[in-house]
Amino acid sequence: MKIEQYYDITQIPYERVSQERILTGFNDLDYYTKGLSVGVTLLVANTNAGKSTLVQCILKKAIDQGYRAWVFSGEHTAQSFLQLMYHQNSEKKDYVAIRYKDTNIIDWYVTEEKERELKAKFADKIFIYSNKAKRDIGTMLESMIACYKERGTRFFLVDNMISIDNISSNVFAEQTRITEAIRTFALNYKVIVLLVAHQRKNAEKGGFLIDIQDVAGSLNISNKAYNVIAQYRVDMLSTDGKDYERLKGQVAKCGFDLKQCDGVLQVLKTKGNGCGFVGIKYDREKKTYLQANKISKTEADKLFAKSEKLYKTILDLEPIEDGNLPF
């Protein structure tokens with residue numbers, strides 16, 4: 001069969017059909033990215049920033065939108081992952097308290113009635129990669145392809161990349177190879193992948209703000225993703241220095257007060273509407289995140305102006321290193 005090597009542009013149909021996407025439930029994040037579409041979205045953060053909790057929030061939203069999901073949870077056992085999913089889908093009335101032996105330690109679990117309800121909700125919807133299976137990318141991709149073909153799975157959550165076995169001493173090159181393999185899978189099968197990566201060690205920078213090159217230390221990884229999202233946990237941030245003032249100002253510019261947030265999401269790269277910051281709040285009862293309340297434009301403008309002034313003051317006070325002399 002002859003393959004056409006070029007087309008008259010008028011031969012190509014113009015389609016007025018919205019692109020497939022998963023909405024995360026964070027309104028401003030969905031505005032910036034236009035949702036998670038076919039391809040790879042990268043979520044990057046430091047240790048204990050709440051990445052696993054956040055992606056499980058998104059997983060819940062994907063299930064609510066009718067998707068089936070394949071999940072690799074490298075830092076959870078299947079049992080602990082199940083418990084967290086059940087807690088994120090329950091309310092206070094759904095819990096029962098169980099005392100640990102003869103101590104004053106209390107653990108909370110969902111009731112048997114709620115367990116039956118959630119089993120019915122998630123049946124044939126979420127498929128967990130086995131803890132006993134190999135963790136190399138080749139074996140994982142075999143599982144992902146099988147789940148796509150046999151179960152109709154269209155959302156794939158990989159949490160996180162550092163838990164995938166490396167076969168090379170060059171970690172950065174290996175992580176680039178892994179990301180490329182996942183991206184190729186996503187595009188070939190037209191599925192949506194959410195890939196979690198750690199922020200690279202950034203001590204030499206002296207701050208905490210993440211940029212594109214901080215994704216596992218390689219710009220190559222970021223280049224392969226349609227969306228790159230950074231996550232910060234507010235109570236883990238150093239309040240001293242220019243990074244904190246810069247973050248406060250930029251968060252205010254986007255309509256949030258950092259002091260009223262438990263975390264912040266930053267869209268570093270997207271093919272959607274643009275980049276920006278989103279404040280999030282942690283719901284301790286449900287062990288989940290919600291978008292923080294937005295503040296008025298007047299209040300936002302005041303916070304932004306104040307933070308920018310302090311930020312510039314800190315810059316002026318910083319000592320100039322020999323390698324950065326202005327002459």
Side-chain angles (χ1 to χ4, degrees), residues 23-33 36 41-62 64 73 75-76 80-81 83-92 94-95 108 157 159-160 194 196-199 202 207-210 214 227-268 275-296 299-300 302-304 306-307 310-311:
L23 300 178
T24 66
F26 302 96
N27 291 339
D28 283 39
L29 180 62
D30 288 331
Y31 170 76
Y32 289 132
T33 63
L36 309 187
T41 291
L42 270 174
L43 173 69
V44 57
N46 219 328
T47 304
N48 295 324
K51 298 184 298 296
S52 294
T53 301
L54 177 69
V55 296
Q56 287 193 317
C57 296
I58 297 173
L59 172 61
K60 176 183 179 297
K61 290 295 183 180
D64 289 344
S73 185
E75 296 180 356
H76 282 279
S80 63
F81 181 88
Q83 288 184 321
L84 186 52
M85 280 301 297
Y86 277 15
H87 287 181
Q88 286 190 343
N89 287 269
S90 302
E91 299 177 4
K92 192 173 182 178
D94 300 316
Y95 288 99
W108 294 89
L157 170 58
D159 180 22
N160 57 59
L194 177 56
V196 181
H198 277 279
Q199 176 186 5
N202 206 22
F208 60 76
L209 287 177
I210 297 171
D214 290 330
N227 301 305
V228 180
I229 302 166
Q231 181 180 3
Y232 306 95
R233 181 171 149 181
V234 173
D235 65 357
M236 293 179 64
L237 302 180
S238 171
T239 58
D240 298 324
K242 62 184 179 182
D243 270 10
Y244 188 74
E245 290 304 327
R246 188 62 166 169
L247 181 62
K248 275 203 311 183
Q250 293 302 311
V251 168
K253 190 175 182 180
C254 294
F256 299 93
D257 183 349
L258 187 63
K259 292 183 178 179
Q260 297 177 16
C261 301
D262 295 318
V264 174
L265 303 178
Q266 179 186 8
V267 179
L268 293 166
C275 298
F277 293 82
V278 183
I280 56 177
K281 291 285 290 182
Y282 183 64
D283 185 330
R284 296 186 181 280
E285 180 179 315
K286 293 187 176 182
K287 300 184 186 303
T288 191
Y289 283 110
L290 304 169
Q291 180 165 311
N293 292 328
K294 302 194 76 169
I295 57 179
S296 69
E299 189 176 359
K302 288 180 180 178
L303 287 174
F304 174 71
K306 182 179 178 181
S307 291
L310 287 171
Y311 172 70

Whether [X] side chain and [Y] backbone form a donor-acceptor pair below 3.5 Å:
X: Gln260; Y: Ala292; answer: no
X: Ser80; Y: His76; answer: no
X: Asp30; Y: Gly25; answer: yes
X: Asp94; Y: Glu91; answer: yes
X: Asp243; Y: Phe208; answer: yes
X: Tyr32; Y: Gln266; answer: no
X: Lys51; Y: Asn46; answer: yes
X: Ser296; Y: Glu299; answer: yes
X: Gln231; Y: Ala49; answer: yes
X: Arg233; Y: Gly50; answer: no

Check [X] against [Y] and note the closest heavy-atom contact, atom names and distance.
X: Ala300; Y: Gly255; answer: CB-CA, 4.4 Å
X: Cys261; Y: Gly279; answer: SG-CA, 3.6 Å
X: Ala230; Y: Leu268; answer: CB-CD1, 3.8 Å
X: Asn89; Y: Lys60; answer: OD1-CE, 2.9 Å
X: Tyr282; Y: Asp262; answer: N-OD2, 2.8 Å
X: Ile210; Y: Ala45; answer: CD1-CA, 4.2 Å

Calculate, to the nearest 0.5 Å, the distance between atoms [atom1] and [atom2] belonging to [X] and [Y] respectively.
X: Ser307; Y: Lys242; atom1: OG; atom2: NZ; value: 15.5 Å
X: Leu84; Y: His87; atom1: CG; atom2: NE2; value: 8.0 Å
X: Leu23; Y: Leu29; atom1: CG; atom2: CG; value: 10.0 Å
X: Asn160; Y: Leu42; atom1: CG; atom2: CG; value: 11.5 Å
X: Thr53; Y: Lys287; atom1: OG1; atom2: NZ; value: 9.0 Å
X: Lys302; Y: Asp257; atom1: NZ; atom2: CG; value: 13.0 Å

Salt-bridge present (Lys248, Glu245; N to O < 4.0 Å):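 A salt bridge links Lys248 with Glu245.
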
Side chain proximity check, [X] to [Y], heavy atoms < 4.5 angstrom:
X: Thr24; Y: Leu36; answer: yes
X: Val264; Y: Leu237; answer: no
X: Leu247; Y: Phe277; answer: yes
X: Leu54; Y: Phe26; answer: yes
X: Leu59; Y: Gln88; answer: no

Is it true that atom [atom1] of [X] has more than 12 heavy atoms of other residues, nucleotides or ligands lying nearer than 6.0 Å?
X: Lys294; atom1: NZ; answer: yes
X: Phe304; atom1: CZ; answer: yes
X: Lys281; atom1: NZ; answer: yes
X: Asn293; atom1: CG; answer: no

Tyr31 and Val278: CA distance, side-chain angles, deciding distance, side chain to side chain contact (heavy atoms under 4.5 Å, CB included) verdict: CA-CA 10 Å; Tyr31 170 76; Val278 183; over 6 Å; no

Polar side chain donor-acceptor pair, Asp283 to Thr288, under 3.5 angstrom: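 Side chains of Asp283 and Thr288: no pair found under 3.5 Å.
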
The single option from Ile58, Val196, Val228, Leu194 passing side chain to side chain contact (heavy atoms under 4.5 Å, CB included) against Thr41: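 So, applying the side chain to side chain contact (heavy atoms under 4.5 Å, CB included) to Thr41 and each of Ile58, Val196, Val228, Leu194, only Leu194 qualifies.
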
